[in-house]
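Below is one structure; the comments refer to it alone.
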Amino acid sequence: ALVRARDEASLIKDICRAVVELGQYPLAWVGMLEFDEKRRVVSAGSWGENSDLVESIGVTWDDSPEGQGATGRAARSNTLQVERWTGDEQNVSTWRKQIQHLGYQSSISLPLSESELCFGTLNIFSNSAEAFDDPVTRTILSQLANDLAYGIVALRRRGDYRRAVDELQVSERKFRSIFEASPVGLMLWDNRGAVVNANKSLTDALGLQSVTELLGAVLPEGLPDGPV
């Protein structure tokens with residue numbers, strides 16, 4: 001999934017599907033943390049039975065009742081959290097009652113982190129109360145969460161790079177249009193003092209037929225770098 005993924009949403013969906021189909025768990029979902037005063041955990045993708053439920057549950061990672069489940073604790077502590085649901089808990093949040101009503105007996109929440117900062121959680125539910133007690137199972141799922149976090153960060157950085165390139169190209173086009181349309185004669189030169197560009201206003205003022213007649217000409221020393 002990490003190799004094939006072209007975007008974050010597809011990666012998350014593929015990982016959740018692998019967890020459900022290969023691990024035989026009924027439901028897996030990924031939540032992303034919101035770093036505002038509400039501190040909500042928003043679903044970024046899910047797979048399995050009742051997967052539409054996670055779109056509506058109000059999970060948080062604050063100190064409210066909605067933040068006391070495994071997801072909220074994992075987000076706050078940046079550590080793996082396991083929870084068993086016996087059905088007799090007191091003062092539990094509405095969404096936890098909904099999950100228990102579906103028959104799930106336990107869940108595990110694994111932090112997704114970059115540089116020790118948790119930005120999301122991988123959450124998996126089971127119909128067995130002992131599903132996540134085995135240390136080997138915890139290790140395997142922790143490694144999966146680490147791989148998922150790595151993939152998300154890599155895709156976001158790739159997206160940031162692409163956006164930066166796009167923004168630079170837009171800025172370059174804007175600069176070029178202003179440069180070319182300026183009624184004032186302008187030229188650009190490199191750090192060696194050689195002319196690399198000039199606008200039509202300058203070539204007209206100099207009586208030149210084309211900017212190519214100026215390209216490569218070396219300017220006198222002592223001029224600042226940039227346009228003139």
Side-chain angles (χ1 to χ4, degrees), residues 1-18 29-46 61 75-76 78 110-122 142-228:
L2 287 173
V3 176
R4 297 191 306 271
R6 294 186 177 182
D7 59 75
E8 184 174 326
S10 297
L11 173 61
I12 290 172
K13 182 178 179 180
D14 288 346
I15 290 295
C16 289
R17 179 169 58 186
W29 68 284
V30 169
M32 293 298 172
L33 311 188
E34 291 190 340
F35 292 87
D36 57 13
E37 66 279 1
K38 294 182 179 179
R39 293 197 170 191
R40 296 187 304 166
V41 182
V42 180
S43 173
S46 61
W61 59 289
R76 289 193 301 273
N78 197 27
L110 306 116
L112 306 176
S113 308
E114 180 188 16
S115 302
E116 299 184 359
L117 174 66
C118 179
F119 61 83
T121 59
L122 170 60
S142 294
Q143 184 59 58
L144 178 64
N146 291 338
D147 291 342
L148 174 58
Y150 175 84
I152 291 173
V153 171
L155 287 169
R156 288 180 177 179
R157 287 177 177 170
R158 185 190 303 173
D160 289 342
Y161 172 77
R162 289 175 177 170
R163 282 190 292 272
V165 170
D166 290 343
E167 289 171 2
L168 285 172
Q169 291 175 339
V170 170
S171 296
E172 182 181 1
R173 287 193 294 270
K174 288 181 179 178
F175 172 78
R176 187 177 298 278
S177 64
I178 294 171
F179 180 82
E180 296 293 346
S182 174
V184 178
L186 299 172
M187 74 169 68
L188 299 171
W189 59 89
D190 60 21
N191 56 5
R192 297 178 294 108
V195 177
V196 295
N197 201 1
N199 66 357
K200 190 173 185 300
S201 295
L202 182 61
T203 57
D204 288 348
L206 296 176
L208 302 177
Q209 296 295 318
S210 171
V211 68
T212 56
E213 298 178 57
L214 271 178
L215 298 181
V218 179
L219 300 173
E221 294 183 4
L223 291 175
D225 292 340
V228 67

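This is a predicted model, so every value here is computed, not measured.
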*asked:* Checking Lys200 now: which residues fulfil side-chain contact (heavy atoms from CB on, under 4.5 Å) with it, not counting sequence neighbours?
replied: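 side-chain contact (heavy atoms from CB on, under 4.5 Å) list for Lys200, sorted by chain: Thr203, Asp204.
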
*Could you tell me which residues satisfy side-chain contact (heavy atoms from CB on, under 4.5 Å) with Gln209, sequence neighbours excluded, listed by chain and number?*
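With sequence neighbours excluded, Gln209 shows a side-chain contact (heavy atoms from CB on, under 4.5 Å) to Glu213, given in chain and number order.
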
*Mark yes when over 12 heavy atoms from residues, nucleotides or ligands other than Arg40 sit less than 6.0 Å from its CZ; otherwise mark no.*
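It does not: Arg40 CZ has 12 such atoms or fewer within range.
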
For the student: nearest non-hydrogen atoms of [X] and [Y], plus distance:
X	Y	result
Ser46	Trp29	CB-CB, 3.5 Å
Arg39	Asp36	N-OD1, 3.0 Å
Val42	Glu34	CG2-OE2, 3.3 Å
Cys118	Ser113	CA-OG, 3.8 Å

*Are any of the side-chain heavy atoms of Trp61 and Thr121 separated by less than 4.5 Å?*
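Contact flag for Trp61/Thr121 side chains = no.
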
*Does a side-chain heavy-atom distance below 4.5 Å link Leu110 with Leu144?*
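No, their side chains stay 4.5 Å or more apart.
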
*State whether Glu114 and Arg156 are salt-bridged, where the test is any N-O pair (Lys NZ or Arg NE/NH1/NH2 against Asp/Glu carboxylate O) under 4.0 Å.*
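No, no charged N to carboxylate O under 4.0 Å.
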
*About how many Å separate CD1 of Ile178 and CG of Asn199, when rounded to the nearest 0.5 Å?*
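If I round to the nearest 0.5 Å, the distance is 12.5 Å.
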
_Using the rule side-chain contact (heavy atoms from CB on, under 4.5 Å), only one of Ile152, Leu33, Asn78 pairs with Phe119; which is it?_
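Only one option passes, and that is Ile152.
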
